[in-house]
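Note that ligands are numbered from 1 as they come in the structure, with each ligand's atoms numbered from 1 the same way.
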Amino acid sequence: MTNPAAAHPDQLSPDTVVVAAGRPAREHDAPVNPPLVLSSTYVGTGQVVDGDRAYGRYSNPTWDPLEDALAQLEGATLPALIFSSGLAAASAALSLVPVGGVLVMPIHSYQGALVMAQELAAKGLFTLRTVDIANNDEVIAALTGAGEKAADMLWLESPTNPMLEVADIHVLCRAAQAVGAVVVTDNTFSTPLVQKPLELGADVVLHSVTKYLAGHSDVILGALATSNPELRATLLHHRSIHGAIAGPFEAWLALRGLRTLALRVERSQASALVLANRLDTHDGVTKVLFPGLPSDPGHARAKAQMSGFGSILCIEVAGGAEAANAVVEALCVWTPATSLGGVESLIERRRRHANEPDTVPENLLRLSVGIENVEDLWNDLEQAFALAAPGASTVAPDTEASETPAVSPE
Ligand code: PLP
């Protein structure tokens, strides 16, 4: 007997899929969870023919349930491909740009992917056109080439890391399609529970599984999902030949983390909205970047293409980089660390990274809201602001909003 997610994947809500997908077949005494298989090789021909596993760099039974679950969640008709990290997945995805081709990428893409693309472009492999991804006209001009060569790939990230700009995914996918460009969308910030890029027209979805999908800051892993057999075959070949494969234990841990994704996302999104609204009226904050705020330039687009607004928000701290650093140092509940998407709330000043583009303000703090009690998170921020910038005061918290967490204030 198969499990329900395998039997009726289209009829189940994603909240159920995260729990039910990738379970072993229901047989008497079968384990409820997929086993962890630690083997570098398999008995057989040693050739990857007729579905033989052959060797551990080509496949592992522990990868399969996670790859099936991620494909179901993203709406891909083929199993996803997991990689040793999100950046390894990005490397495979960038290999789809032909030599001499053109890549269009947001200037505020995740900086690791941006640096990789810049380095490949500097070696002469392709031309890189960086764009403000929120500006449709600018992106479409970069895609068509305005007299120069048209693009071969559009890289999307929405909302972007860390500026939280929102791309018009459907419109930009159509524009990319018109010039024959492949669209890769980094869906790490939104998760497939909040945004489905393949449904909006993207060809490939990328995840840093490290973040929300695994969710506990104990795994580094990446994934790509596509319904296009040729693209998948090329990406699989890249993984097998370049060797950026997932460890089986990481894959097993990520699937275990995925089981609670719906609860974690629901809680952290609701808290992020509460905190964004309160920070928006705090004297110590000059600007809040969060697509959930009606005043945010990406709000209407986010509402149209996402089912929530995510759990990352950014603030610009009054008093510059020094004041921002002081706030981070004074926090007790929030952990000062890079990364995001774990159960614990993390905060960092992004410009402390040398590679961060200088269009990211020096005083910008990125907050990854976790699943702690929202009042504890708020109180900690308040006491940190009071210590770091004693003049700054706040309006009374909106208790109604905190008691009834809503995904959208409207
Ligand atoms: N994409 C985004 C949006 C990220 O934030 C990150 C890492 O922070 C990555 C990709 C890279 O993922 P990994 O750290 O798993 O290599």
With the criterion set at N/O pairs under 3.5 Å, what does the list of contacts between the protein and ligand 1 look like, atom names and distances included?
| from | atom 1 | to | atom 2 | distance (Å) |
| --- | --- | --- | --- | --- |
| ligand 1 | 1 (N) | Asp186 | OD2 | 2.6 |
| ligand 1 | 5 (O) | Asn161 | ND2 | 3.0 |
| ligand 1 | 8 (O) | Lys211 | NZ | 2.9 |
| ligand 1 | 12 (O) | Ser208 | OG | 3.0 |
| ligand 1 | 15 (O) | Gly86 | N | 2.9 |
| ligand 1 | 15 (O) | Ser208 | OG | 2.8 |
| ligand 1 | 15 (O) | Thr210 | OG1 | 2.6 |
| ligand 1 | 16 (O) | Gly86 | N | 3.0 |
| ligand 1 | 16 (O) | Leu87 | N | 2.8 |

Donor-acceptor pairs are to be reported for all side-chain atoms of residues 314-323 against protein atoms at under 3.5 Å, with residues two or more places apart or in another chain.
none

Between side-chain atoms of residues 244-261 and protein atoms elsewhere (two or more places apart, or another chain), which donor-acceptor pairs fall under 3.5 Å?
| from | atom 1 | to | atom 2 | distance (Å) |
| --- | --- | --- | --- | --- |
| Trp252 | NE1 | Pro34 | O | 3.1 |
| Arg259 | NH1 | Val18 | O | 3.0 |
| Arg259 | NH1 | Val19 | O | 3.0 |
| Arg259 | NH1 | Ala21 | O | 2.7 |
| Arg259 | NH2 | Ala21 | O | 3.0 |
| Thr260 | OG1 | Gly257 | O | 3.1 |
| Thr260 | OG1 | Arg264 | NE | 3.0 |

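Side-chain atoms of Gln195 and Ser307 form no donor-acceptor pair, as typed in the model, at a separation below 3.5 Å. Residues Ser339 and Lys211 have side chains that bring a donor and an acceptor to within less than 3.5 angstrom of each other.
Contact record, Ser368 with Tyr212: OG-OH, 4.3 Å, taken as the closest heavy-atom pair.
In this structure His170 satisfies the ring-ring contact (aromatic ring centres under 6.0 Å, His included) test with no other residue, sequence neighbours excluded.
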